[in-house]
Structure formats: structure tokens, C-alpha cells
There are 2 protein chains.
Amino acid sequence: MKPRKRRMTKLPADGPTDAAPVVTLEMVAREAGVSSSTVSRILNGTARVRDGKARAVQAAIAKLRFQPNPVAQSLARGKSMTVGVLTQSLESPFYAEALASIETGLLRANYSPFFMSGHWRDEDERRCVEHLLNRRVEGIILLTSCLPERELVELSRQVPLILTGRRVDAPRIVSLDYDSTQSARLATEYLLDQGHRQIAFIAGPHDHPDALQRYNGYKSALAGRKLPFNAKLVVAGDYYDGGGYAAMTRLIEAGTKFTAVFAANDQSAYGAMLALHRHGLGVPRDVSLIGFDDLPGSAFTIPPLTSVHRSIDEIGQCAALAMVDLIEGRAPLIRLSAATLAIRESTRPLHP
Amino acid sequence: MKPRKRRMTKLPADGPTDAAPVVTLEMVAREAGVSSSTVSRILNGTARVRDGKARAVQAAIAKLRFQPNPVAQSLARGKSMTVGVLTQSLESPFYAEALASIETGLLRANYSPFFMSGHWRDEDERRCVEHLLNRRVEGIILLTSCLPERELVELSRQVPLILTGRRVDAPRIVSLDYDSTQSARLATEYLLDQGHRQIAFIAGPHDHPDALQRYNGYKSALAGRKLPFNAKLVVAGDYYDGGGYAAMTRLIEAGTKFTAVFAANDQSAYGAMLALHRHGLGVPRDVSLIGFDDLPGSAFTIPPLTSVHRSIDEIGQCAALAMVDLIEGRAPLIRLSAATLAIRESTRPLHP
DNA sequence: ATAACGTCTGCAAGCGCTTTCAAAATTACA
DNA sequence: TGTAATTTTGAAAGCGCTTGCAGACGTTAT
């Protein structure tokens with residue numbers, strides 16, 4: 001059979017393709033006068049090699065500007081060097097920020113991420129996972145997945161998993177459960193400390209684990225102070241501005257009294273803020289508002305939003321590191337710093 | 001040599017790996033009693049196959065739940081089925097939204113994107129491109145790249161390119177140049193139509209092509225009305241909230257008079273809004289403010305921000321489609337709808 | 001010197017799929 | 001019914017890299 005001329009970078013004939021000087025291991029080997037195995041070994045440091053040859057090979061690599069083809073490496077090693085990252089919505093600043101740090105974390109270990117978004121829908125999420133698995137990712141990072149625990153455990157038997165925002169115990173699952181319950185409680189207690197007693201809560205997506213934690217935190221703070229829980233003060237949101245707006249509008253129009261609001265995430269808080277404004281209610285003059293996530297934009301709302309702060313960057317880094325550890329068979333060591341309150345200007349003591 | 005037991009999904013021994021039933025073409029072929037070439041052909045529809053066999057193979061595929069290994073396909077075909085997407089900052093809602101639609105667009109054609117962020121720094125951008133090239137992507141989508149034209153042309157000889165926000169002409173480059181100049185002019189003219197004459201401009205990153213276009217649009221609108229251009233009214237920003245805040249603060253403190261502000265992008269506008277607020281200036285009461293990009297959040301600022309709207313989603317879709325066309329040697333057909341003004345509540349006529 | 005051991009290195013067999021080539025099986029045509 | 005023209009198929013050669021094995025070279029001990 002005569003040699004093919006197909007080349008990795010050869011493209012459908014049109015335009016002046018740059019003679020695609022794709023250099024292969026073989027060429028380097030020939031250039032250096034050694035076998036390709038030797039070159040490979042030098043490249044991977046998998047065996048001692050006589051000094052002279054090593055130098056010759058290095059020289060050849062430099063001269064030819066050789067770069068190993070990761071596709072071939074993947075196939076030969078049976079490792080794709082990619083990991084899947086599933087977010088719920090790429091559009092949300094929260095995820096975007098997390099992705100950015102996951103990206104850098106992964107890259108450092110030479111893995112490349114495949115991002116996908118599940119849109120808070122389990123069926124979309126399933127489709128994404130399917131796609132990722134098919135792409136042969138070596139692990140999947142699931143940011144606040146909404147899949148049932150059972151499926152996750154099942155999935156973890158195929159690839160290692162990193163989960164954020166919830167806890168699932170299984171051998172190959174690492175849960176970065178940054179305990180939203182506790183953080184939500186922190187926010188609520190802050191409001192309580194400021195003297196507020198009628199605190200409304202704008203919830204997140206119905207029956208989502210993380211959203212549930214936030215809700216529970218709210219309730220437990222109330223319970224902790226022996227204060228009654230009033231279901232009328234809880235309105236459903238969807239983690240988006242629009243949902244927050246609608247929720248707040250409903251709340252106001254229902255006529256329920258409240259002096260403070262805790263929104264399950266900052267985006268909802270933005271929406272709520274506008275709704276309050278529309279009804280002539282000033283923040284924090286008439287109602288105090290606190291958010292959750294402390295998005296970068298929250299320092300620039302009017303007034304700047306008080307919010308629960310967690311280092312998203314840290315979470316991302318940690319997820320990436322843990323993923324690599326898991327893939328390479330090390331026991332991941334996770335250390336997340338606790339959430340804090342970014343106190344800004346959207347809250348104030350009830351009776352100054 | 002005895003057969004290896006390495007498997008694509010086989011992982012470093014620990015935890016109950018799920019017996020990784022990785023099915024290969026060969027197994028399907030054996031199961032169906034045909035050769036692997038036949039299976040491959042059926043899979044790709046690259047040749048007619050007798051009906052009976054085709055059915056047998058389909059059955060075998062279904063039974064074994066076979067999924068071709070994309071890594072092997074990539075190697076054999078010399079096509080990686082991946083494309084690189086370079087954003088400037090994953091954290092920015094603008095890019096996040098674009099990525100989401102690029103993702104879906106690409107996926108539909110069975111390509112997977114690799115996202116990376118260049119942070120508005122050419123050297124970072126270069127590094128990313130390097131990495132992508134090394135990963136053997138078949139094309140790169142550069143969202144508002146800041147690389148010099150020369151390099152882009154050079155790069156386009158290696159892989160096809162899609163550029164947004166600027167125009168570069170070369171055989172394998174498609175520029176999605178949605179003409180920011182014109183759009184910026186639109187915004188400025190709107191302000192002029194409202195009777196404003198002292199219009200400040202908060203610029204984008206220094207010497208960035210797209211930022212420059214917006215600046216030019218501002219100037220040309222002024223020139224179009226034979227109005228003097230006042231350099232004191234132009235302040236440098238960086239496309240981020242913080243930069244907008246700083247710029248506006250500087251402007252106010254310099255004491256220059258102005259009745260309206262055009263911010264080169266919405267994020268800058270957010271920052272500017274806060275700065276105005278801090279100085280007791282109401283929007284739009286005391287100064288009208290207009291942004292650019294119409295981020296999803298802009299409908300929820302207080303007051304909701306008037307902004308230049310372009311369908312980011314459309315841009316993303318278009319970029320993805322064009323990329324696929326370019327890769328597969330078709331002539332991409334691009335049709336972007338013009339920018340419009342999303343008129344909300346941050347602007348008002350000067351003398352009502 | 002020679003045997004007994006390391007230390008290097010090249011050969012060749014894969015990884016799982018595509019594709020060329022030529023042989024085999026059909027079908028068409030006289 | 002024989003032969004030419006097709007259409008289907010399988011064997012085998014890659015794609016570019018890794019790696020088990022065994023031979024080639026030194027070393028060191030006897």
C-alpha cells in the first residue's frame with residue numbers, strides 16, 4: 001500500500017494551506033539517528049537513556065519543533081487527557097467564574113476540559129453526560145448536578161466524579177459540599193441580628209439539592225432563634241433575575257409584611273431589587289436585601305449587595321485538583337475555606 | 001506479544017470500576033459475522049452494503065451498545081472533531097452567553113469545543129492558540145481577538161479561523177464583523193436625538209480593535225452632526241465594572257460638564273451607574289446613560305439600562321456554523337441581523 | 001579471561017478505527 | 001449460458017505513539 005498523504009492538519013483543498021509540516025515521532029527519531037521508542041522514552045522519561053542520544057534527540061525535537069500528537073497519545077495510552085465539566089448554565093456568572101478557574105486548574109495538569117450545560121434539566125444533563133462519556137473523558141466535574149443520587153453513584157462506576165453543592169458518598173465520588181445550609185443560615189442570622197423578624201425568602205429551583213440546602217439554612221436559622229416560620233414569606237424563584245423579580249412582585253402584591261429579604265442567589269436578588277424599586281420600596285431604607293454567591297457584579301449594584309461570599313475561584317481550583325487526583329489514583333485532599341458575609345449596603349439594622 | 005488489558009475507561013485500580021465493557025468495532029464485527037471494514041462502512045455510510053448484513057450489524061451494534069471511540073476515529077481520519085474557542089474572559093456574561101450558543105451550534109455538527117480565555121492579553125492569547133493547535137483542533141473561533149492582523153493571517157494558514165468584532169481578510173478567515181462602529185454611532189445618535197450635546201464616552205481596552213470601533217462610532221456620530229469633539233469627555237475604561245466606576249469617578253471629579261454618557265459596554269455602564277449614584281447624580285434624572293451589548297442583566301439594573309442590542313446568541317450560532325462550513329470546505333454563508341437599541345429607562349430627553 | 005549481571009536500545013505489536021486494493025459475489029447483457 | 005460490468009466484501013496497511021521483550025553492550029566479580 002502506498003503511503004497516504006492524509007495529515008492531521010491537512011484540510012479540504014482550498015486556500016493556501018501552509019504545507020502543514022506535521023512532524024512525527026518517527027521523523028525526530030530519524031533525524032536523531034535513534035529508534036522511535038527511544039524518542040518516546042525520552043519524551044516521557046520512562047527509561048534511562050544514554051546521555052549522548054538524549055541530547056541528540058532533544059536537539060532534533062527542537063530543530064523540527066516537534067510536538068507529540070495528543071490524539072495518538074490518547075489512543076496508545078488509553079487516556080484521553082480530557083475531563084468533562086457540566087454546568088447548569090454557561091450564561092450565569094457564577095458558573096462562568098467557576099469554569100474559568102477549573103480551566104486553569106486542569107490545564108496545569110495537562111488535562112483539557114469539555115464544558116457543557118445542562119440547563120437545570122435532568123434530561124439535558126443526562127444527554128451531556130452521555131456525550132462526555134462518548135468523548136471518552138476521564139472524569140466528570142458536575143457543578144450542582146440535579147441528577148438523582150442513584151444515577152450519580154452508577155455513573156461513578158464508569159468515571160470518577162466531582163460534585164459540588166451536594167454530598168454523595170461513593171468510592172469514586174468527591175463531594176465538594178461547601179455546605180450551603182450553614183452559609184444560608186449565616187445570612188439569615190445576620191438579618192436577625194440586625195433586628196429583622198419578618199424575613200422573606202426567595203427560593204431557588206424547586207427540588208434542587210443545593211437550593212434545598214439554602215432553604216433549610218434559612219429555616220434552621222429561624223428555628224435556632226425560636227422564631228415562627230411563616231410559609232407566606234417564602235416565594236419560589238429560579239435562580240435567575242427574572243424569577244427574582246416575579247417572586248418579589250408576587251410577595252409585595254400579596255401584601256405580606258416583611259422588612260428583609262434573603263434571596264437564594266445574587267441573580268434573584270438583582271431581580272428582587274428592581275421589583276422593590278418599582279413599588280417604591282428603597283433598599284435598604286424600607287427593606288434589607290441579602291444575596292448568595294457574591295457575584296462580581298454584586299459590588300456594583302445600587303446599592304451594592306450584601307451577599308454570602310464563597311471563593312468561587314477556590315471551588316473551581318479545588319474541583320480541578322481533586323479531579324486530577326482521582327484520575328491519577330491519588331487520594332484528593334480538599335480544603336475549602338468557609339463562607340463569609342460580604343457586607344455591603346443593601347442591609348441595615350431595623351431600628352437604628 | 002500477549003494482548004494488553006489496557007482499556008480506554010480502565011482506571012488506576014481503586015474502587016469498583018464497572019468491569020468497563022468497552023465495545024470495539026471488532027467485537028461488533030464478530031458478533032455480526034462480518035469484517036470490521038464492513039461495520040465501519042455501515043457506520044459511516046461510506047459504501048453500499050447488502051441489506052441483510054446491514055441489518056445484522058445494526059442489531060449487533062444495538063445489542064452490544066457499541067459507541068465508536070472518537071479518539072481512534074480522530075487518529076484514523078486525521079480529524080479531531082474539535083474546535084478551539086478563544087474568549088477574552090470566561091467570567092464576562094457577554095462571552096459566557098456567546099459560548100453557550102457556540103457550544104450548541106458546534107455540537108449539532110458533532111464537533112466539540114475547547115474553551116480558553118485570553119484575558120485581553122495578546123501573550124496569553126498566543127499561549128492559548130498554541131495549546132489549541134497542539135490539541136489538534138480543526139479550527140479556532142476567536143472572540144474579539146487582540147492579536148495583530150499579521151499573526152492572524154499567519155495562523156489562518158494552519159487552521160481556519162472565525163473572528164468576531166473585527167475584519168481581517170484572508171482565504172481561510174471568516175470575519176463576523178458586526179460593525180460596532182455603526183452600532184456605536186447608533187447609540188450616540190440616540191443620545192443626540194434626545195437633545196444631549198455634552199456626551200461623555202467611557203472607552204474599552206486601549207488599542208483593542210473592537211473597542212476602537214466603538215470609539216470611532218462615537219466620534220463619527222458627533223462629526224456627522226458637525227458637533228465638536230471634546231477629548232476631555234473621553235475616559236479610559238477596561239470593559240469591566242470596576243473600570244467603568246473609576247472612569248466615571250475621574251470624569252465627575254475633573255469637573256467636566258456632561259449630560260449623557262455612552263459606555264463602551266454594559267459592564268462599564270454598571271460601574272458608571274454606581275459612581276454617578278455615589279456622587280448624588282441620578283440616572284436618568286441628571287445624566288442619561290447608555291450601554292453596549294445589552295447583557296441579560298441590563299434589564300434588571302436600577303434603572304434598567306438602555307443599551308445597544310445585538311443577538312449574542314445569533315453571533316454564536318453563526319460563528320459555529322461558519323466554522324463547520326470552513327472546516328468542511330463549504331463557503332460559509334453569514335447573515336447577521338443589525339444591531340438595535342434596547343431602549344429602557346436610563347436615558348431621557350434633555351429638556352422634556 | 002570468562003561468566004554473570006545490569007543498562008540501553010530497537011523491534012514489533014498493539015490502541016480502535018478508516019480506507020485502499022483486489023478478490024469474490026452478483027447482475028447485466030449478448 | 002458465458003463473459004463483461006458492477007457491486008460487495010475482506011485483508012491488511014496505516015494514523016502516531018507506547019511498551020513488553022529480548023538482544024547488544026558494557027561492568028563487575030571470579
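Quick caveat: nothing in here was measured; it's all calculated off a predicted structure. Side-chain atoms are counted along with the backbone in the values below, which use heavy atoms only and exclude waters and symmetry mates. Below, chain A is the first sequence line, B the second, and so on; all start at residue 1.
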**Message:** Please report the interatomic distance CD1(A:I141) to CG(A:L163), rounded to the nearest 0.5 Å.
**Reply:** 10.5 Å

**Request:** Drop me the distance from A:L86's CG to A:F115's CZ, to the nearest 0.5 angstrom.
**Result:** 11.0 Å

**Request:** Could you check how far CG of B:L25 sits from P of C:dT19, rounded to whole Å?
**Result:** 12 Å

**Message:** Given 3.5 Å as the limit, does a donor-acceptor pair link the side chain of B:S80 with the main chain of B:S74, or not?
**Reply:** no

**Message:** I need the CZ-P distance between B:R30 and C:dG16, as an integer number of Å.
**Reply:** 12 Å

**Prompt:** Should the pair B:W120 and B:Y95 be assigned to parallel (<30°), tilted (30 to 60°) or perpendicular (>60°) ring geometry?
**Reply:** perpendicular

**Asked** Are B:S40 and C:dC17 close enough that a side-chain N or O sits under 4.0 Å from OP1 or OP2?
**Response** no

**Asked** For nucleotides 23-28 of chain D, read 5' to 3', which letter fits each nucleotide if B means a protein heavy atom sits under 4.0 Å from the base, S means only the sugar-phosphate is that close, and - means neither?
**Response** ------

**Prompt:** Tell me: CG of B:L43 to C1' of C:dG16, nearest whole Å?
**Reply:** 12 Å

**Fill in**
With B for base contact, S for sugar-phosphate-only contact and - for none (protein heavy atoms under 4.0 Å), nucleotides 6-12 of chain C reads --SSBBB

**Prompt:** For the pair made of CD in B:E26 and P in D:dA12, what is the distance, rounded to whole Å?
**Reply:** 13 Å

**Complete:** Between the SG atom in A:C318 and the CZ atom in A:R335, the distance rounded to the nearest 0.5 Å is 9.0 Å

**Item:** A:K79 NZ - D:dT18 P separation (whole Å)
**Value:** 13 Å

**Request:** Supply the atom-to-atom distance A:L142 CG to A:L161 CG, rounded to the nearest 0.5 angstrom.
**Result:** 5.0 Å

**Item:** Among B:E138, B:R136, B:Q73, the one residue meeting side-chain contact (heavy atoms from CB on, under 4.5 Å) with B:M81
**Value:** B:E138

**Request:** Mind checking ring pair (Phe, Tyr, Trp, His ring centres under 6.0 Å) for B:F114 and listing every partner two or more places apart, or none if nothing turns up?
**Result:** A:F114

**Asked** Can we say B:D169 and B:R167 salt-bridge, meaning some charged N sits less than 4.0 Å from an Asp/Glu carboxylate O?
**Response** yes

**Bend angle of the helix from C:dA1-D:dT30 to C:dA30-D:dT1, end axes from five pairs each (to 10°)** = 50°

**Asked** Phosphate oxygens OP1/OP2 of D:dG16: is one of them under 4.0 Å from a side-chain N or O of A:Q73?
**Response** no

**Fill in**
Taking C:dC17, C:dT18, C:dC15 as options, the one with an atom nearest any side-chain atom of A:L75 is C:dC15

**Item:** Atom-to-atom span, CD of A:Q67 to P of D:dC17 - whole angstrom
**Value:** 11 Å

**Item:** Exam field: side chain A:R172 to backbone A:R157, donor-acceptor pair closer than 3.5 Å
**Value:** yes

**Prompt:** Among pairs that include at least one residue of residues 100-110 of chain B, which meet salt bridge (Lys or Arg N to Asp or Glu O under 4.0 Å), considering only residues two or more places apart or in two chains?
**Reply:** none

**Message:** Could you tell me how far apart B:R77 (CZ) and D:dA13 (P) are, to the nearest whole angstrom?
**Reply:** 22 Å

**Message:** From the set D:dT19, C:dG16, D:dT18, return the single nucleotide nearest to any side-chain atom of B:N69.
**Reply:** C:dG16

**Request:** Give the rounded distance in Å between these two atoms: CE of A:M81 and C1' of D:dC17.
**Result:** 14 Å

In a table with atom names and distances, give each donor-acceptor pair under 3.5 Å that connects a side chain of residues 123-133 of chain A to protein atoms at least two apart or in another chain.
| residue | atom | partner | partner atom | Å |
| --- | --- | --- | --- | --- |
| A:D124 | OD1 | A:R127 | NH2 | 3.2 |
| A:D124 | OD2 | A:H119 | ND1 | 3.0 |
| A:D124 | OD2 | A:R121 | NH2 | 3.1 |
| A:E125 | OE1 | A:Q88 | NE2 | 3.4 |
| A:E125 | OE1 | A:C146 | N | 2.9 |
| A:E125 | OE2 | A:S145 | OG | 2.5 |
| A:E125 | OE2 | A:C146 | N | 3.4 |
| A:R126 | NE | A:E151 | OE1 | 2.8 |
| A:R126 | NE | A:E151 | OE2 | 3.3 |
| A:R126 | NH2 | A:E151 | OE2 | 2.9 |
| A:H131 | NE2 | B:S112 | OG | 3.3 |

